[in-house]
Number of protein chains: 2
Amino acid sequence: MQPGAAADEPERTFIETARRAQIAAAAIDTIAELGYAGASFARISERVGISRGLISYHFADKDDLMRQVVHQAAEEAISYIRPRVLAESTGPGMLRAYIESNLAFMRDHRNNVIAMIEIARSAEGRRSYHDDTAVVNAVRALEHALSGFQTAGQFRPDFDPHAMAIAIRAAIEAASPLLASDPEFDIDSYSRQIVAIFDLATRADDTP
Amino acid sequence: MQPGAAADEPERTFIETARRAQIAAAAIDTIAELGYAGASFARISERVGISRGLISYHFADKDDLMRQVVHQAAEEAISYIRPRVLAESTGPGMLRAYIESNLAFMRDHRNNVIAMIEIARSAEGRRSYHDDTAVVNAVRALEHALSGFQTAGQFRPDFDPHAMAIAIRAAIEAASPLLASDPEFDIDSYSRQIVAIFDLATRADDTP
DNA sequence: TAGATTTCTGGTCATGCAGCCAGGAGCGGC
DNA sequence: GCCGCTCCTGGCTGCATGACCAGAAATCTA
C-alpha cells in the first residue's frame, strides 16, 4: 500500500507485536508529556512497568522505536480523517471536512498528534523520518487535492496549492501547543474560524 | 518599556556586556545549525574560540543564556518589523506589511528566527520563557491590532481576532523549517501567497 | 612595582543517556 | 526430567552534558 515502507515483514511473534505496540503507546504519552528530549528509555519503560532492556530487545534502536510511534499514531489519525473527507464530494466540502476532522482528531487524541509533531521537529536536523514523515506526507496529499479541485474550477485559480497547503497545515498544527498549555483555548470554535478563513481564501469567484 | 523584564540592572562591565552579546550570538548560530539539543556549552564556546567555563562565568546557567538569546534575537526582529508596519495607515496595509516584513526578516536573518522558535519549542514543558516569549507576545500584539481595525470597520466583523492571529503567526512560522530544509522553497513567492490568503480572509464586504 | 580585581582556562564531578550483555525465568516439546 | 527457545531483567560501559572550582593570566589601581 504505502511505498517505501515495510518492504520485508520481519516475521513477528504475537507477544512481540503486542509489546511493540504497547511500548510505542507509552512512548507517545511520554513524548506528549515530557517532549522528545524527555522521552528516554528509562522514562518510557517506567510507564509500561518493564525494564529498560526490554525496549532494546524489541527495537533495534531509538530510531526504530520512533518510526513505530509515528507509524502507529499516523495510522490512527488517517483512519479517522480519511472517511470523513471522502464522504464529501465537492472541493470546498472536502477542505472543510479535512480541517474539521483534523482538529476533532486532535481534540480527542491529543497525545498522538503531539508525538508526531514533536518527533518530526526533533528529527529535523538528521536525515531520518523527515522524508516520509506523516506530517510531510500530509502537506503533499493536501496540496495534490487542492491542485486537483483548482483545475476543476472549484477553487480560485490564482493561488499556489503548495503555499496554501502549508498555511492550512500550519493553522491545524498550531492548535497542538495551545491545547496543551492554554486552558482557555476552545478548539471547536477555532475549528470553525479556520474553516471560514480558508473557505474565503480558496473560494472561486461567484460574481463574474 | 517592557513590563516584567529587567527589573533590576545587574551593573555590567563593558567587557561583560560585550561577551554576553558575543556568546549569545554564537548560541543563535549554533541553535540554528544543530537545534536546541545540539547547542551545548562546548559547541557554543568552540564557535567563539573561548573555553567552556567562560560561559558559566558570564551566565548563571543555561536558562540565563537562553533568555539573553531570545531577548537579543527579538530585539533585532522588532526593530526591523515595527517601523515597516507603522508606516502603513490602513488595517489591510498594516497586515500586509506585517506579513511581508516578518518573512523578509526571516529570509535575511534566518538564524535569529530559528533560534527563537527552537527555544520556545524546547522550553515548552517547563515554566520558563514561554509566558513572555517573543512568539507569544507576537500573537497577542497581532491579535490586538486586528481587533482594533476590526471594530473600526476595516476588517470583516465576523472573525475571531485570536484565531486569526494564531493562523497568521502559524503561516509565518511555518516558513522557518522550509527555509532550512527545502532548497526549492521560494520565500518571496510564499510571502505574496500568504498576504493574498489573509487579505481575502480578513477583507470587509465590499459589495453590500 | 606591588597588590587587588576582573577575566579566563581547563580539569573534575555528578548526572543522564542509549546500547550491550550475561544470565535468569517461564514454557513448550519430547 | 531436561533441553531449547522466547521473553525479560538489571548491571555495566562509554559518552555527552551543565555546573563547579582552583588557579593562571590579564588588567587596573595606587
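Numbered from 1 within each chain, the chains take letters A, B, ... in sequence-line order.
- If you check D:dT9, D:dA19, C:dG19 against the side chain of A:D61, the one that comes closest is C:dG19.
- Here A:R20 pairs with A:D64 under the salt bridge (Lys or Arg N to Asp or Glu O under 4.0 Å) rule; sequence neighbours left out.
- Rounded to an integer number of Å, the gap from CD1 of B:I55 to P of D:dA19 is 10 Å.
- Following rounding to the nearest Å, B:F14 (CZ) and C:dT7 (C1') show an atom-to-atom distance of 14 Å.
- For the segment residues 37-50 of chain A, residues with any heavy atom less than 4.0 angstrom from an atom of DNA chain D are, sorted by number, A:I50.
- Note: CZ (A:R12) to P (D:dC7) measures 12 Å, nearest angstrom.
- When distances run from any side-chain atom of A:H58 to the nucleotides D:dC8, C:dG19, C:dT9, the shortest one goes to D:dC8.
- Considering only residues two or more places apart in sequence or on other chains, B:R82 meets the salt bridge (Lys or Arg N to Asp or Glu O under 4.0 Å) condition with none of them.
- Classified by interplanar angle (parallel below 30°, tilted 30° to 60°, perpendicular above 60°), the ring pair A:F149/A:F155 is perpendicular.
- Counting only distance, with no hydrogens or angles, the side chain of A:N102 and the backbone of A:Y98 share a donor-acceptor pair below 3.5 Å.
- Each of B:I15 and B:G53 was assigned the nucleotide of DNA chain C with the nearest heavy atom; the assignment lying further toward the 5' end belongs to B:I15.
- The separation between B:L54 atom CG and D:dG18 atom P is 15 Å, rounded to whole Å.
- Across A:I23 and A:L54, no two heavy atoms sit closer than the pair CD1-O, 4.5 Å.
- Atom CZ in B:F59 sits about 18 Å away from atom C1' in D:dC20, given to the nearest Å.
- When rounded to the nearest whole Å, the span between CG of B:D64 and C1' of D:dA19 equals 14 Å.
- The closest side-chain donor-acceptor pair between B:E76 and B:N112 falls under 3.5 angstrom.
- At a threshold of 4.5 Å between non-hydrogen side-chain atoms, the residues B:R156 and B:M164 count as touching.
- The interatomic distance linking B:D63 (CG) with D:dG18 (P) rounds to 12 Å, in whole Å.
- Summarising the geometry, the separation between CZ on B:R52 and P on C:dG10 is reported as 8 Å, rounded to the nearest angstrom.
- The phosphate of C:dT7 (OP1 or OP2) has a side-chain N or O of B:T13 nearer than 4.0 angstrom.
- One finds no side-chain N or O of A:Y57 lying less than 4.0 angstrom from the OP1 or OP2 phosphate oxygen of D:dC8.
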